[in-house]
Amino acid sequence: MITAFWDIDGTLVRSPGNRTDLFTETTATFGVEPVQPPGPRDGFTDRRLAELHLGSSGLDVARVDDFLGQLDDLSEAFYAHTPRETVPGAQRALALTKKAGWRNGLLTGNTPRRARVKLRTSGFDLDLIDWELFASGGFVSDRAELGRQARALAGDGPLLVLGDTAQDAIAAEAAGAVFVAVNTDADQLQAIAGSAELAVESLSSPEFVDFVASYRG
């Protein structure tokens with residue numbers, strides 16, 4: 001059986017550039033003035049981002065689990081009234097792969113609570129996902145480790161990772177999986193296309209639909 005592990009942010013739901021920074025808000029709950037970590041952070045796991053925000057604001061990185069708990073609470077409240085916009089074709093793509101006999105799992109930087117609330121408030125049918133196939137960045141800092149977890153969960157059969165960043169390509173390589181690149185930004189898609197078996201700007205594109213119909217692993 002074919003198993004597909006989906007990233008969430010940028011792959012199933014949009015990541016708006018002006019989104020509320022819940023990590024900064026979480027840092028402030030610790031009673032300090034938040035200091036933004038330097039450098040790009042696209043594709044980082046929630047745990048790694050929590051460590052960076054704690055460290056840059058002078059807090060003990062060992063408090064990462066407390067940080068993630070606060071982040072979960074803020075996320076539940078925030079997404080209840082500000083749901084993420086879905087990536088075009090994402091909901092139909094999950095239904096399409098499920099109908100084709102694939103198992104749909106998640107390989108996401110999000111904690112389990114944040115993953116569920118983002119998908120639920122954005123209108124996804126959570127029954128299309130096998131929640132036993134869940135590699136979560138709430139527990140590990142390294143995206144490659146998520147890939148290894150995905151492989152352990154999936155077993156030895158055909159495995160795909162679908163994502164929008166180079167970090168997802170890293171996870172796919174660690175899993176020994178086929179990488180499918182999905183990004184609505186043509187330049188960003190081009191940057192990761194070389195690592196992918198298929199690169200599409202939309203999950204509703206004929207190329208993706210044909211790929212699902214013909215892929216046998």
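All values below come from the heavy atoms of this structure, side chains included, with hydrogens, waters and symmetry mates left out. In this chain, residues are counted from 1 in sequence order.
- Nearest approach of V182 to D164, heavy atoms of both residues: O-CB, 2.9 Å.
- Side-chain atoms of S57 never come within 3.5 Å of backbone atoms of L54 as a donor-acceptor pair (strictly under, hydrogens ignored).
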| said: Determine whether L94 and L203 satisfy the following criterion, side chain to side chain contact (heavy atoms under 4.5 Å, CB included), listing intermediate values before the conclusion. | reply: CA-CA 9 Å; L94 284 176; L203 289 167; over 6 Å; no
| message | Apply salt bridge (Lys or Arg N to Asp or Glu O under 4.0 Å) to residues R120 and E76 and explain how you reach the verdict. | response | CA-CA 11 Å; R120 175 174 52 78; E76 288 273 5; 3.7 Å; yes
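- Classification of the F208-W6 ring pair by plane angle, with boundaries at 30° and 60°, yields perpendicular.
- Counting only distance, with no hydrogens or angles, the side chain of D46 and the backbone of G137 share no donor-acceptor pair below 3.5 Å.
- Side-chain contact of S75 with R114: a donor-acceptor pair under 3.5 Å is present, judged by distance alone.
- For the residue pair Q36 / D21, a side-chain donor-acceptor distance below 3.5 Å is found, with atom types taken as modelled.
- Atoms CZ and OG1, on R84 and T121 in that order, are 9.0 Å from each other to the nearest 0.5 Å.
- A 6.0 Å sphere centred on CD of E173 holds no more than 12 heavy atoms belonging to other residues, nucleotides or ligands.
- Atoms CD and CG, on Q70 and D65 in that order, are 12.5 Å from each other to the nearest 0.5 Å.
- A donor atom on one side chain and an acceptor atom on the other are found under 3.5 Å apart for D168 and T165.
- Salt-bridge formation is not detected for the pair D125/K98: no Lys NZ or Arg NE/NH1/NH2 atom is positioned less than 4.0 Å from an Asp or Glu carboxylate oxygen.
- With 3.5 Å as the limit, one finds no donor-acceptor pair spanning the side chains of D7 and T108.
- With hydrogens and angles left out, the side-chain atoms of D130 and N104 include no donor and acceptor closer than 3.5 Å.
- A salt bridge does not link D156 with R151: every distance from a Lys NZ or Arg NE/NH1/NH2 to an Asp or Glu carboxylate oxygen is 4.0 Å or more.
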